[in-house]
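Below is one structure, written out as C-alpha coordinates, with a few remarks after it.
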Amino acid sequence: MSDTVRVRFAPSPTGHLHIGGARTAIYNWAFARHHGGSFILRIDDTDKERSTDENTQAILSAMRWLGLDWDEGPDAGGEFGPYSQALRKGIYDQALNELKLAGNTYPCFCDSALLEAKRETARAAKKYSGYDRTCRNIPAHESEKRIAAEEPHVWRIKTPLDRGDIIIDDVIRGQVTFPLSAMDDFVLVRTDTSPTYMFATVVDDWHMGITHIIRGDDHLSNTPRQVIVFEALGAKAPVFAHMGLIFGPDGKRLSKRHGATSVESYREMGYLPEALLNYLALLGWSLDEDNVFDRDTLVRRFELSRVSKNPAVWDIGKLEWMNGVYLREMTAEEFISKVLPLLQDAGLIAGDQASHSSDWLLELAPLVSERIKRLDEVVEMVAFLFTDDLVIDERSFDAVLAKEGASDALEAVASALNEVEMTPEAVEEAMREVHGKLELKPKLVFQATRVAVTGSTVSPPLFESIVLLGRERALKRVWAAVDSIKKRR
RNA sequence: GCCCCCAUCGUCUAGUGGCCAAGGACUCCGCCCUUUCAAGGCGGCAACAGGGAUUCGAAUUCCCUUGGGGGCACCA
(Lines give C-alpha, C1' and ligand atoms only; values in the text may rest on other atoms or scores of the structure.)
Protein backbone atom coordinates (compact mmCIF):
# COMPACT_ATOMS: atom_id res chain seq x y z
CA MET A 1 0.00 0.00 0.00
CA SER A 2 1.62 3.18 -1.19
CA ASP A 3 -0.69 5.73 0.38
CA THR A 4 -0.95 6.10 4.10
CA VAL A 5 -4.48 5.76 5.23
CA ARG A 6 -6.29 9.00 5.97
CA VAL A 7 -9.90 8.86 7.04
CA ARG A 8 -12.24 11.42 8.47
CA PHE A 9 -15.35 11.80 10.52
CA ALA A 10 -17.32 14.90 9.62
CA PRO A 11 -20.20 15.48 12.00
CA SER A 12 -22.59 18.33 11.59
CA PRO A 13 -22.90 20.33 14.83
CA THR A 14 -26.63 20.71 14.53
CA GLY A 15 -27.13 18.42 17.50
CA HIS A 16 -25.30 16.13 19.85
CA LEU A 17 -23.32 13.09 18.81
CA HIS A 18 -25.82 10.54 17.54
CA ILE A 19 -25.39 6.83 18.19
CA GLY A 20 -25.15 6.23 14.46
CA GLY A 21 -22.57 8.96 14.04
CA ALA A 22 -20.62 7.51 16.93
CA ARG A 23 -20.48 4.15 15.24
CA THR A 24 -19.27 5.77 12.03
CA ALA A 25 -16.60 7.56 14.04
CA ILE A 26 -15.57 4.32 15.73
CA TYR A 27 -15.21 2.46 12.44
CA ASN A 28 -13.18 5.25 10.91
CA TRP A 29 -11.02 5.52 13.98
CA ALA A 30 -10.47 1.78 14.21
CA PHE A 31 -9.65 1.61 10.54
CA ALA A 32 -7.11 4.42 10.81
CA ARG A 33 -5.48 2.97 13.91
CA HIS A 34 -5.41 -0.51 12.42
CA HIS A 35 -3.50 0.73 9.41
CA GLY A 36 -1.34 3.18 11.29
CA GLY A 37 -2.98 6.02 9.40
CA SER A 38 -4.57 9.29 10.43
CA PHE A 39 -8.02 9.93 11.80
CA ILE A 40 -9.26 13.40 11.02
CA LEU A 41 -12.12 15.22 12.64
CA ARG A 42 -13.77 17.84 10.52
CA ILE A 43 -16.74 19.89 11.54
CA ASP A 44 -19.40 20.11 8.88
CA ASP A 45 -20.90 23.43 9.90
CA THR A 46 -21.99 24.85 6.59
CA ASP A 47 -25.52 25.03 7.92
CA LYS A 48 -25.11 28.32 9.72
CA GLU A 49 -28.66 28.40 11.01
CA ARG A 50 -28.52 25.21 13.02
CA SER A 51 -24.84 24.78 13.85
CA THR A 52 -23.68 25.87 17.27
CA ASP A 53 -20.40 25.94 19.05
CA GLU A 54 -21.99 24.24 22.05
CA ASN A 55 -22.87 21.30 19.86
CA THR A 56 -19.35 21.12 18.52
CA GLN A 57 -17.99 21.01 22.04
CA ALA A 58 -20.52 18.41 23.06
CA ILE A 59 -19.54 16.21 20.11
CA LEU A 60 -15.85 16.49 20.92
CA SER A 61 -16.42 15.60 24.53
CA ALA A 62 -18.65 12.65 23.66
CA MET A 63 -15.96 11.33 21.35
CA ARG A 64 -13.29 11.73 23.99
CA TRP A 65 -15.53 10.00 26.49
CA LEU A 66 -15.78 7.05 24.12
CA GLY A 67 -12.01 6.98 24.07
CA LEU A 68 -11.54 8.15 20.50
CA ASP A 69 -8.64 10.39 19.64
CA TRP A 70 -7.91 12.21 16.41
CA ASP A 71 -4.73 13.32 14.76
CA GLU A 72 -6.11 16.40 13.12
CA GLY A 73 -9.14 18.43 14.01
CA PRO A 74 -10.49 21.80 15.11
CA ASP A 75 -8.78 21.55 18.47
CA ALA A 76 -5.83 19.41 17.43
CA GLY A 77 -4.75 21.44 14.42
CA GLY A 78 -2.95 19.89 11.47
CA GLU A 79 -1.45 20.93 8.19
CA PHE A 80 -4.67 20.64 6.21
CA GLY A 81 -6.77 22.95 8.34
CA PRO A 82 -8.83 24.73 9.20
CA TYR A 83 -11.01 21.80 10.22
CA SER A 84 -14.25 23.66 10.26
CA GLN A 85 -16.01 24.16 6.96
CA ALA A 86 -17.26 27.56 7.97
CA LEU A 87 -13.63 28.71 7.90
CA ARG A 88 -12.79 27.23 4.52
CA LYS A 89 -14.68 29.59 2.25
CA GLY A 90 -11.53 30.67 0.45
CA ILE A 91 -10.69 27.10 -0.42
CA TYR A 92 -14.10 26.50 -1.97
CA ASP A 93 -13.89 29.76 -3.95
CA GLN A 94 -10.53 28.67 -5.21
CA ALA A 95 -11.83 25.25 -6.20
CA LEU A 96 -14.72 26.84 -8.08
CA ASN A 97 -12.27 28.96 -9.99
CA GLU A 98 -10.34 25.91 -11.00
CA LEU A 99 -13.54 24.33 -12.26
CA LYS A 100 -14.36 27.46 -14.23
CA LEU A 101 -10.94 27.42 -15.85
CA ALA A 102 -11.32 23.76 -16.70
CA GLY A 103 -14.75 24.45 -18.13
CA ASN A 104 -16.41 21.98 -15.81
CA THR A 105 -18.98 24.30 -14.34
CA TYR A 106 -21.44 26.84 -15.64
CA PRO A 107 -23.68 29.53 -14.19
CA CYS A 108 -27.39 28.88 -13.98
CA PHE A 109 -29.90 31.66 -13.78
CA CYS A 110 -33.01 29.59 -13.24
CA ASP A 111 -34.75 30.56 -10.04
CA SER A 112 -36.07 28.15 -7.42
CA ALA A 113 -39.71 28.61 -8.29
CA LEU A 114 -39.09 27.76 -11.92
CA LEU A 115 -37.05 24.69 -11.00
CA GLU A 116 -39.69 23.51 -8.60
CA ALA A 117 -42.32 23.78 -11.30
CA LYS A 118 -40.18 21.87 -13.77
CA ARG A 119 -39.57 19.13 -11.24
CA GLU A 120 -43.23 18.69 -10.60
CA THR A 121 -44.07 18.49 -14.27
CA ALA A 122 -41.38 15.91 -14.84
CA ARG A 123 -42.57 13.81 -11.94
CA ALA A 124 -46.14 14.00 -13.03
CA ALA A 125 -45.02 12.76 -16.43
CA LYS A 126 -43.07 9.98 -14.67
CA LYS A 127 -39.86 11.26 -16.12
CA TYR A 128 -36.50 11.91 -14.53
CA SER A 129 -36.87 15.03 -12.46
CA GLY A 130 -33.30 16.30 -12.51
CA TYR A 131 -32.34 19.70 -13.83
CA ASP A 132 -32.93 19.97 -17.57
CA ARG A 133 -29.66 21.79 -18.32
CA THR A 134 -31.32 24.84 -19.83
CA CYS A 135 -28.55 27.20 -18.79
CA ARG A 136 -25.82 24.86 -19.95
CA ASN A 137 -26.48 26.10 -23.48
CA ILE A 138 -26.15 29.79 -22.77
CA PRO A 139 -23.12 31.07 -24.67
CA ALA A 140 -20.21 32.21 -22.51
CA HIS A 141 -20.29 35.82 -23.62
CA GLU A 142 -23.95 36.06 -22.71
CA SER A 143 -23.61 34.55 -19.28
CA GLU A 144 -20.62 36.77 -18.56
CA LYS A 145 -22.77 39.76 -19.37
CA ARG A 146 -25.57 38.58 -17.12
CA ILE A 147 -23.16 37.97 -14.28
CA ALA A 148 -21.66 41.40 -14.75
CA ALA A 149 -25.19 42.79 -14.52
CA GLU A 150 -25.42 41.04 -11.14
CA GLU A 151 -28.14 38.68 -12.17
CA PRO A 152 -28.55 36.09 -9.40
CA HIS A 153 -27.08 32.73 -10.33
CA VAL A 154 -25.74 29.46 -8.98
CA TRP A 155 -22.88 27.38 -10.34
CA ARG A 156 -23.66 23.90 -11.55
CA ILE A 157 -21.45 20.97 -12.35
CA LYS A 158 -21.08 20.24 -16.03
CA THR A 159 -21.64 16.50 -15.97
CA PRO A 160 -19.67 14.91 -18.80
CA LEU A 161 -22.31 13.54 -21.14
CA ASP A 162 -20.01 11.01 -22.76
CA ARG A 163 -18.62 9.54 -19.62
CA GLY A 164 -20.39 6.23 -19.38
CA ASP A 165 -22.01 4.82 -16.27
CA ILE A 166 -20.48 5.52 -12.93
CA ILE A 167 -19.15 2.43 -11.27
CA ILE A 168 -18.24 2.49 -7.62
CA ASP A 169 -16.07 -0.19 -6.13
CA ASP A 170 -17.39 -0.14 -2.62
CA VAL A 171 -15.31 -2.09 -0.14
CA ILE A 172 -18.37 -3.27 1.73
CA ARG A 173 -20.89 -3.52 -1.09
CA GLY A 174 -18.85 -4.52 -4.06
CA GLN A 175 -19.41 -2.97 -7.44
CA VAL A 176 -22.36 -0.59 -7.68
CA THR A 177 -23.34 0.91 -11.00
CA PHE A 178 -25.24 4.15 -11.48
CA PRO A 179 -26.48 5.06 -14.93
CA LEU A 180 -25.07 8.37 -16.04
CA SER A 181 -28.51 9.29 -17.35
CA ALA A 182 -29.65 9.61 -13.79
CA MET A 183 -27.09 12.32 -13.05
CA ASP A 184 -28.16 15.90 -13.41
CA ASP A 185 -26.09 19.06 -13.30
CA PHE A 186 -26.50 19.66 -9.60
CA VAL A 187 -25.62 22.87 -7.81
CA LEU A 188 -22.10 23.35 -6.47
CA VAL A 189 -22.26 26.94 -5.31
CA ARG A 190 -25.39 28.74 -4.20
CA THR A 191 -26.65 32.20 -5.13
CA ASP A 192 -25.09 33.54 -1.94
CA THR A 193 -21.74 32.06 -3.10
CA SER A 194 -21.69 29.40 -0.36
CA PRO A 195 -20.79 25.85 -1.39
CA THR A 196 -23.33 23.05 -1.19
CA TYR A 197 -22.57 19.98 0.90
CA MET A 198 -21.86 17.98 -2.23
CA PHE A 199 -19.18 20.43 -3.27
CA ALA A 200 -17.69 21.29 0.10
CA THR A 201 -17.13 17.71 1.24
CA VAL A 202 -15.51 16.70 -2.00
CA VAL A 203 -13.21 19.70 -1.99
CA ASP A 204 -12.30 19.00 1.62
CA ASP A 205 -11.76 15.30 1.15
CA TRP A 206 -9.59 16.09 -1.83
CA HIS A 207 -7.57 18.80 -0.10
CA MET A 208 -7.18 16.79 3.04
CA GLY A 209 -5.94 13.78 1.14
CA ILE A 210 -8.66 11.48 2.40
CA THR A 211 -8.01 7.97 1.13
CA HIS A 212 -11.08 6.11 2.38
CA ILE A 213 -14.57 7.32 3.02
CA ILE A 214 -16.38 5.12 5.51
CA ARG A 215 -19.93 6.27 6.14
CA GLY A 216 -23.58 5.34 6.32
CA ASP A 217 -25.54 3.76 3.55
CA ASP A 218 -27.62 6.89 3.22
CA HIS A 219 -24.75 8.42 1.29
CA LEU A 220 -24.45 5.68 -1.27
CA SER A 221 -26.81 7.38 -3.71
CA ASN A 222 -24.84 10.60 -3.40
CA THR A 223 -21.58 8.92 -4.17
CA PRO A 224 -21.76 9.05 -7.98
CA ARG A 225 -22.34 12.80 -7.77
CA GLN A 226 -19.29 13.14 -5.62
CA VAL A 227 -17.26 11.03 -7.98
CA ILE A 228 -18.21 13.42 -10.79
CA VAL A 229 -16.97 16.35 -8.72
CA PHE A 230 -13.70 14.59 -7.90
CA GLU A 231 -13.17 13.96 -11.59
CA ALA A 232 -14.08 17.51 -12.52
CA LEU A 233 -11.41 18.70 -10.09
CA GLY A 234 -8.93 16.36 -11.69
CA ALA A 235 -8.66 14.39 -8.47
CA LYS A 236 -8.65 10.70 -7.80
CA ALA A 237 -11.73 9.64 -5.88
CA PRO A 238 -11.07 7.93 -2.55
CA VAL A 239 -12.10 4.40 -1.76
CA PHE A 240 -15.68 4.19 -0.55
CA ALA A 241 -17.18 1.95 2.10
CA HIS A 242 -20.87 2.22 2.89
CA MET A 243 -22.26 0.45 5.91
CA GLY A 244 -25.85 -0.23 6.81
CA LEU A 245 -27.68 2.21 9.02
CA ILE A 246 -28.88 1.67 12.56
CA PHE A 247 -32.62 1.12 12.81
CA GLY A 248 -35.11 1.25 15.61
CA PRO A 249 -37.07 -1.89 16.56
CA ASP A 250 -39.72 -0.94 14.00
CA GLY A 251 -37.25 -1.10 11.15
CA LYS A 252 -37.17 2.64 10.64
CA ARG A 253 -34.08 4.75 10.92
CA LEU A 254 -33.17 5.23 14.55
CA SER A 255 -34.52 8.53 15.81
CA LYS A 256 -35.66 10.28 18.93
CA ARG A 257 -39.01 8.60 18.92
CA HIS A 258 -37.25 5.30 19.55
CA GLY A 259 -35.76 6.69 22.75
CA ALA A 260 -32.36 8.08 23.58
CA THR A 261 -30.15 8.56 20.55
CA SER A 262 -27.24 10.63 21.76
CA VAL A 263 -24.05 9.29 23.24
CA GLU A 264 -24.39 11.85 25.97
CA SER A 265 -27.73 10.49 27.09
CA TYR A 266 -26.29 7.00 27.40
CA ARG A 267 -23.50 8.39 29.52
CA GLU A 268 -26.09 10.00 31.75
CA MET A 269 -28.02 6.77 32.00
CA GLY A 270 -25.05 5.06 33.55
CA TYR A 271 -23.51 3.23 30.63
CA LEU A 272 -19.77 2.82 30.52
CA PRO A 273 -17.84 4.14 27.53
CA GLU A 274 -16.07 0.79 27.04
CA ALA A 275 -19.41 -1.00 26.90
CA LEU A 276 -20.98 1.46 24.50
CA LEU A 277 -17.93 1.33 22.27
CA ASN A 278 -17.92 -2.44 22.28
CA TYR A 279 -21.63 -2.69 21.60
CA LEU A 280 -21.54 -0.11 18.83
CA ALA A 281 -18.59 -1.84 17.21
CA LEU A 282 -20.61 -5.04 17.19
CA LEU A 283 -23.46 -3.43 15.32
CA GLY A 284 -22.29 -4.33 11.87
CA TRP A 285 -18.93 -5.86 12.56
CA SER A 286 -18.00 -9.04 14.35
CA LEU A 287 -15.28 -11.32 15.53
CA ASP A 288 -15.75 -15.04 15.23
CA GLU A 289 -14.67 -15.85 18.75
CA ASP A 290 -15.84 -13.05 20.97
CA ASN A 291 -18.57 -10.57 21.59
CA VAL A 292 -16.69 -8.82 24.32
CA PHE A 293 -13.40 -7.26 23.31
CA ASP A 294 -11.37 -4.28 24.34
CA ARG A 295 -10.24 -1.27 22.40
CA ASP A 296 -6.91 -2.79 21.43
CA THR A 297 -8.51 -5.90 20.05
CA LEU A 298 -10.92 -3.81 18.04
CA VAL A 299 -8.04 -1.91 16.50
CA ARG A 300 -5.94 -4.97 15.92
CA ARG A 301 -8.69 -6.99 14.32
CA PHE A 302 -10.85 -4.40 12.59
CA GLU A 303 -11.36 -4.99 8.88
CA LEU A 304 -13.74 -3.31 6.49
CA SER A 305 -14.29 -6.59 4.69
CA ARG A 306 -15.98 -7.89 7.82
CA VAL A 307 -18.44 -5.03 8.04
CA SER A 308 -21.91 -6.21 7.18
CA LYS A 309 -24.14 -4.69 4.55
CA ASN A 310 -27.44 -5.02 6.30
CA PRO A 311 -28.90 -2.53 8.65
CA ALA A 312 -28.70 -3.29 12.37
CA VAL A 313 -31.47 -2.87 14.87
CA TRP A 314 -30.58 -1.04 18.06
CA ASP A 315 -31.01 -3.50 20.89
CA ILE A 316 -30.87 -1.79 24.24
CA GLY A 317 -31.16 -5.14 26.01
CA LYS A 318 -27.87 -6.32 24.63
CA LEU A 319 -26.24 -3.03 25.49
CA GLU A 320 -27.44 -3.48 29.06
CA TRP A 321 -26.00 -6.96 29.22
CA MET A 322 -22.72 -5.71 27.82
CA ASN A 323 -22.63 -2.89 30.33
CA GLY A 324 -23.12 -5.43 33.09
CA VAL A 325 -20.17 -7.41 31.79
CA TYR A 326 -17.91 -4.37 31.98
CA LEU A 327 -19.29 -3.37 35.36
CA ARG A 328 -18.39 -6.76 36.78
CA GLU A 329 -14.92 -6.62 35.32
CA MET A 330 -14.08 -3.35 37.03
CA THR A 331 -11.83 -3.18 40.03
CA ALA A 332 -13.35 -1.88 43.25
CA GLU A 333 -11.31 1.30 42.90
CA GLU A 334 -12.56 2.00 39.39
CA PHE A 335 -16.07 1.23 40.40
CA ILE A 336 -16.02 3.56 43.36
CA SER A 337 -14.55 6.38 41.36
CA LYS A 338 -17.44 6.13 38.93
CA VAL A 339 -20.07 5.71 41.58
CA LEU A 340 -18.98 8.28 44.14
CA PRO A 341 -20.26 11.27 42.15
CA LEU A 342 -23.64 9.59 41.81
CA LEU A 343 -23.88 8.97 45.53
CA GLN A 344 -22.97 12.57 46.16
CA ASP A 345 -25.52 13.84 43.68
CA ALA A 346 -28.16 11.75 45.38
CA GLY A 347 -27.19 13.34 48.68
CA LEU A 348 -26.30 10.00 50.22
CA ILE A 349 -22.70 10.59 51.02
CA ALA A 350 -22.49 14.19 52.14
CA GLY A 351 -23.81 13.77 55.69
CA ASP A 352 -22.18 10.96 57.55
CA GLN A 353 -18.72 11.21 55.96
CA ALA A 354 -16.72 9.77 58.83
CA SER A 355 -18.23 6.30 58.70
CA HIS A 356 -17.83 6.08 54.95
CA SER A 357 -14.12 5.73 54.63
CA SER A 358 -12.68 4.64 51.35
CA ASP A 359 -12.04 1.16 52.79
CA TRP A 360 -15.68 0.95 53.61
CA LEU A 361 -16.61 1.91 50.06
CA LEU A 362 -14.17 -0.57 48.61
CA GLU A 363 -15.85 -3.35 50.52
CA LEU A 364 -19.20 -2.20 49.28
CA ALA A 365 -18.14 -2.09 45.63
CA PRO A 366 -18.09 -5.78 44.67
CA LEU A 367 -21.36 -6.34 46.48
CA VAL A 368 -23.24 -4.02 44.17
CA SER A 369 -21.21 -4.01 40.97
CA GLU A 370 -22.23 -7.59 40.38
CA ARG A 371 -25.89 -6.80 40.73
CA ILE A 372 -26.44 -3.84 38.45
CA LYS A 373 -26.60 -3.22 34.74
CA ARG A 374 -26.32 0.52 34.86
CA LEU A 375 -24.34 2.74 37.21
CA ASP A 376 -27.35 4.76 38.25
CA GLU A 377 -28.94 1.69 39.81
CA VAL A 378 -26.38 1.92 42.57
CA VAL A 379 -28.20 4.66 44.39
CA GLU A 380 -31.34 2.67 45.00
CA MET A 381 -29.40 -0.43 45.89
CA VAL A 382 -27.26 1.09 48.60
CA ALA A 383 -29.60 3.75 49.93
CA PHE A 384 -30.37 1.63 52.99
CA LEU A 385 -26.78 1.99 54.14
CA PHE A 386 -26.99 5.74 54.25
CA THR A 387 -30.34 6.51 55.81
CA ASP A 388 -31.17 6.93 59.47
CA ASP A 389 -34.83 6.17 59.23
CA LEU A 390 -35.32 3.09 57.15
CA VAL A 391 -38.70 2.59 55.55
CA ILE A 392 -39.64 -1.05 55.18
CA ASP A 393 -41.19 -1.96 51.89
CA GLU A 394 -44.84 -2.98 52.36
CA ARG A 395 -44.75 -6.08 50.24
CA SER A 396 -41.55 -7.27 51.83
CA PHE A 397 -43.07 -6.78 55.24
CA ASP A 398 -46.15 -8.79 54.34
CA ALA A 399 -44.14 -11.50 52.67
CA VAL A 400 -41.68 -12.05 55.50
CA LEU A 401 -42.14 -10.11 58.72
CA ALA A 402 -45.82 -10.90 58.92
CA LYS A 403 -45.00 -14.58 59.10
CA GLU A 404 -45.26 -16.72 62.20
CA GLY A 405 -41.98 -16.72 64.14
CA ALA A 406 -40.46 -13.68 62.47
CA SER A 407 -40.47 -11.67 65.61
CA ASP A 408 -38.88 -14.47 67.66
CA ALA A 409 -36.24 -14.90 65.04
CA LEU A 410 -35.37 -11.23 65.05
CA GLU A 411 -35.07 -11.10 68.82
CA ALA A 412 -32.69 -14.01 68.76
CA VAL A 413 -30.73 -12.44 65.92
CA ALA A 414 -30.49 -9.26 67.92
CA SER A 415 -28.93 -10.97 70.87
CA ALA A 416 -26.56 -12.84 68.60
CA LEU A 417 -25.45 -9.64 66.90
CA ASN A 418 -24.89 -8.05 70.24
CA GLU A 419 -21.88 -10.18 70.95
CA VAL A 420 -20.50 -11.26 67.63
CA GLU A 421 -17.37 -9.99 65.96
CA MET A 422 -18.23 -7.74 63.02
CA THR A 423 -16.99 -9.80 60.11
CA PRO A 424 -19.22 -11.45 57.50
CA GLU A 425 -18.01 -14.89 58.49
CA ALA A 426 -18.64 -14.43 62.19
CA VAL A 427 -22.04 -12.89 61.59
CA GLU A 428 -23.00 -15.78 59.38
CA GLU A 429 -21.92 -18.32 61.95
CA ALA A 430 -23.82 -16.59 64.71
CA MET A 431 -26.97 -16.41 62.66
CA ARG A 432 -26.79 -20.03 61.67
CA GLU A 433 -26.69 -20.91 65.32
CA VAL A 434 -29.86 -18.90 65.81
CA HIS A 435 -31.97 -20.94 63.46
CA GLY A 436 -30.55 -24.13 64.93
CA LYS A 437 -31.54 -23.19 68.43
CA LEU A 438 -34.97 -21.88 67.61
CA GLU A 439 -35.77 -24.68 65.21
CA LEU A 440 -36.86 -22.13 62.65
CA LYS A 441 -36.28 -22.42 58.97
CA PRO A 442 -33.02 -20.76 58.03
CA LYS A 443 -34.76 -18.97 55.26
CA LEU A 444 -37.13 -17.25 57.66
CA VAL A 445 -34.31 -16.09 59.91
CA PHE A 446 -32.23 -14.74 57.08
CA GLN A 447 -35.05 -13.12 55.18
CA ALA A 448 -36.58 -11.54 58.27
CA THR A 449 -33.22 -10.05 59.15
CA ARG A 450 -32.74 -8.89 55.60
CA VAL A 451 -36.04 -7.07 55.52
CA ALA A 452 -35.43 -5.57 58.96
CA VAL A 453 -31.97 -4.38 58.08
CA THR A 454 -32.27 -3.38 54.43
CA GLY A 455 -35.99 -2.70 54.19
CA SER A 456 -36.53 -5.16 51.36
CA THR A 457 -36.46 -8.83 50.40
CA VAL A 458 -34.05 -7.87 47.66
CA SER A 459 -30.68 -6.57 48.74
CA PRO A 460 -26.94 -7.07 48.57
CA PRO A 461 -25.63 -10.08 50.52
CA LEU A 462 -26.91 -10.08 54.06
CA PHE A 463 -23.88 -10.63 56.27
CA GLU A 464 -21.76 -8.14 54.41
CA SER A 465 -24.58 -5.63 54.56
CA ILE A 466 -24.83 -6.03 58.33
CA VAL A 467 -21.12 -5.51 58.74
CA LEU A 468 -21.12 -2.45 56.50
CA LEU A 469 -24.05 -1.04 58.41
CA GLY A 470 -22.31 -1.54 61.75
CA ARG A 471 -23.48 -3.28 64.88
CA GLU A 472 -25.26 -0.33 66.39
CA ARG A 473 -27.38 0.60 63.42
CA ALA A 474 -28.10 -3.02 62.56
CA LEU A 475 -29.37 -3.73 66.06
CA LYS A 476 -31.47 -0.62 66.06
CA ARG A 477 -33.16 -1.77 62.88
CA VAL A 478 -33.78 -5.27 64.11
CA TRP A 479 -35.48 -3.96 67.21
CA ALA A 480 -37.44 -1.42 65.23
CA ALA A 481 -38.71 -4.26 63.07
CA VAL A 482 -39.73 -6.24 66.13
CA ASP A 483 -41.67 -3.21 67.31
CA SER A 484 -43.50 -2.74 64.10
CA ILE A 485 -44.42 -6.41 63.94
CA LYS A 486 -46.01 -6.09 67.36
CA LYS A 487 -47.86 -2.96 66.36
CA ARG A 488 -49.39 -4.73 63.40
CA ARG A 489 -50.89 -7.37 65.56
C1' G B 1 -42.51 8.10 -10.12
C1' C B 2 -37.16 7.30 -11.14
C1' C B 3 -32.31 5.46 -9.35
C1' C B 4 -29.63 2.64 -5.65
C1' C B 5 -28.97 -0.71 -1.48
C1' C B 6 -30.47 -4.75 1.77
C1' A B 7 -32.81 -9.80 2.98
C1' U B 8 -29.87 -16.40 8.00
C1' C B 9 -33.27 -17.60 14.90
C1' G B 10 -37.43 -11.93 18.10
C1' U B 11 -32.33 -9.03 17.93
C1' C B 12 -26.73 -8.74 16.56
C1' U B 13 -24.32 -12.11 13.57
C1' A B 14 -20.95 -16.73 11.59
C1' G B 15 -21.38 -18.90 7.07
C1' U B 16 -18.03 -17.05 0.28
C1' G B 17 -20.85 -24.64 -3.56
C1' G B 18 -20.20 -30.22 -0.24
C1' C B 19 -17.34 -29.97 6.77
C1' C B 20 -24.73 -26.97 7.78
C1' A B 21 -30.61 -32.12 9.53
C1' A B 22 -27.07 -24.01 9.78
C1' G B 23 -22.66 -22.20 14.65
C1' G B 24 -22.09 -18.18 18.49
C1' A B 25 -24.03 -13.91 21.43
C1' C B 26 -28.38 -11.18 23.59
C1' U B 27 -33.43 -12.12 24.97
C1' C B 28 -36.92 -15.91 26.65
C1' C B 29 -37.90 -20.80 29.16
C1' G B 30 -36.25 -24.93 32.35
C1' C B 31 -32.71 -27.16 35.85
C1' C B 32 -28.38 -26.65 39.23
C1' C B 33 -26.00 -23.45 42.91
C1' U B 34 -28.38 -20.55 46.88
C1' U B 35 -30.67 -16.83 52.98
C1' U B 36 -32.83 -12.55 48.64
C1' C B 37 -31.46 -10.36 44.09
C1' A B 38 -27.71 -11.00 40.87
C1' A B 39 -23.59 -13.59 38.90
C1' G B 40 -22.16 -18.45 37.39
C1' G B 41 -22.92 -23.62 35.42
C1' C B 42 -25.92 -26.95 32.44
C1' G B 43 -29.91 -27.62 29.00
C1' G B 44 -33.96 -25.94 25.74
C1' C B 45 -37.15 -22.98 22.15
C1' A B 46 -36.02 -20.36 17.79
C1' A B 47 -33.80 -18.69 11.22
C1' C B 48 -31.59 -19.52 5.48
C1' A B 49 -38.62 -14.31 2.76
C1' G B 50 -41.10 -16.87 -1.78
C1' G B 51 -40.50 -18.80 -6.75
C1' G B 52 -37.60 -20.24 -10.77
C1' A B 53 -32.58 -21.32 -12.97
C1' U B 54 -27.30 -23.21 -12.87
C1' U B 55 -24.99 -27.60 -10.60
C1' C B 56 -23.92 -34.39 -9.13
C1' G B 57 -24.74 -30.93 -4.95
C1' A B 58 -26.92 -24.36 -2.99
C1' A B 59 -27.92 -20.40 2.97
C1' U B 60 -23.80 -19.71 -0.36
C1' U B 61 -24.12 -18.23 -7.95
C1' C B 62 -27.96 -15.93 -11.51
C1' C B 63 -33.07 -14.08 -12.54
C1' C B 64 -37.97 -12.67 -10.93
C1' U B 65 -41.46 -11.57 -7.00
C1' U B 66 -42.31 -9.78 -2.20
C1' G B 67 -40.81 -7.00 1.88
C1' G B 68 -37.72 -3.21 4.13
C1' G B 69 -34.43 1.00 3.65
C1' G B 70 -31.94 5.11 1.25
C1' G B 71 -31.39 8.97 -2.47
C1' C B 72 -33.57 12.17 -6.20
C1' A B 73 -33.03 20.25 -2.87
C1' C B 74 -29.63 26.83 -3.76
C1' C B 75 -30.22 20.34 3.81
C1' A B 76 -26.17 17.97 5.56
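Chain naming here is simple, since letters A, B, ... match the order of the sequence lines and numbering starts at 1 in each. Below, each value reflects all heavy atoms present in this structure, side chains not excepted, and no hydrogens, waters or symmetry copies.
Taking the six-membered ring for Trp and the full ring otherwise, the centers of A:Tyr271 and A:Trp321 sit at least 6.0 Å from each other. The aromatic ring centres of A:Trp314 and A:Phe247 sit 6.0 Å or more apart.
Under 4.0 angstrom from either OP1 or OP2 of B:C74 there lies no side-chain N or O belonging to A:Ser112. Regarding contacts with the backbone of B:U13, every side-chain N or O of A:Arg306 stays at 4.0 angstrom or more from both OP1 and OP2.
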Would you tabulate the side-chain donor-acceptor contacts of residues 420-432 of chain A under 3.5 Å, counting partners in other chains and residues two or more places apart, or write 'none'?
{"unit_1": "A:Thr423", "atom_1": "OG1", "unit_2": "A:Ala426", "atom_2": "N", "d": "3.1"}
{"unit_1": "A:Glu428", "atom_1": "OE2", "unit_2": "A:Arg432", "atom_2": "NE", "d": "3.0"}
{"unit_1": "A:Glu428", "atom_1": "OE2", "unit_2": "A:Arg432", "atom_2": "NH2", "d": "2.8"}

Using atom types as modelled, flag every donor-acceptor pair under 3.5 Å from a side chain in residues 9-22 of chain A to any protein atom, sequence neighbours excluded.
{"unit_1": "A:Ser12", "atom_1": "OG", "unit_2": "A:Asp44", "atom_2": "O", "d": "3.4"}
{"unit_1": "A:His16", "atom_1": "ND1", "unit_2": "A:Glu264", "atom_2": "OE2", "d": "3.2"}
{"unit_1": "A:His18", "atom_1": "ND1", "unit_2": "A:Gly20", "atom_2": "N", "d": "2.9"}

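Residue-to-nucleotide proximity on RNA chain B shows that, of A:Thr177 and A:Asp184, the 5′-proximal contact is made by A:Thr177.
A:Asp184 and A:Arg133 are not joined by a salt bridge, as no carboxylate oxygen comes within less than 4.0 angstrom of a charged side-chain nitrogen.
Checked by distance alone, A:Thr191 brings a side-chain donor or acceptor within 3.5 Å of a matching partner on the base of B:C74.
Using a 4.0 Å heavy-atom criterion, one finds that A:Gly284 contacts the sugar-phosphate atoms exclusively. Across all strands shown, A:Ser12 has heavy atoms under 4.0 Å from sugar-phosphate atoms exclusively, and none from any base. If you check every strand for non-hydrogen atoms under 4.0 Å, A:Ser308 touches sugar and phosphate atoms only.
Taken residue by residue, residues 45-52 of chain A places heavy atoms nearer than 4.0 Å to RNA chain B at A:Thr46, A:Asp47.
Here B:C37 presents its P atom at 15 Å from CZ of A:Phe463, a figure rounded to the nearest Å. Between the CH2 atom of A:Trp321 and the C1' atom of B:U11 there is a distance of 13 Å, rounded to whole Å.
Remark: side-chain polar atoms of A:His207 are not paired, donor with acceptor, to backbone N or O of A:Asp204 under 3.5 angstrom.
As rounded to the nearest Å, B:A73 and B:U66 have P atoms that lie 26 Å from one another.
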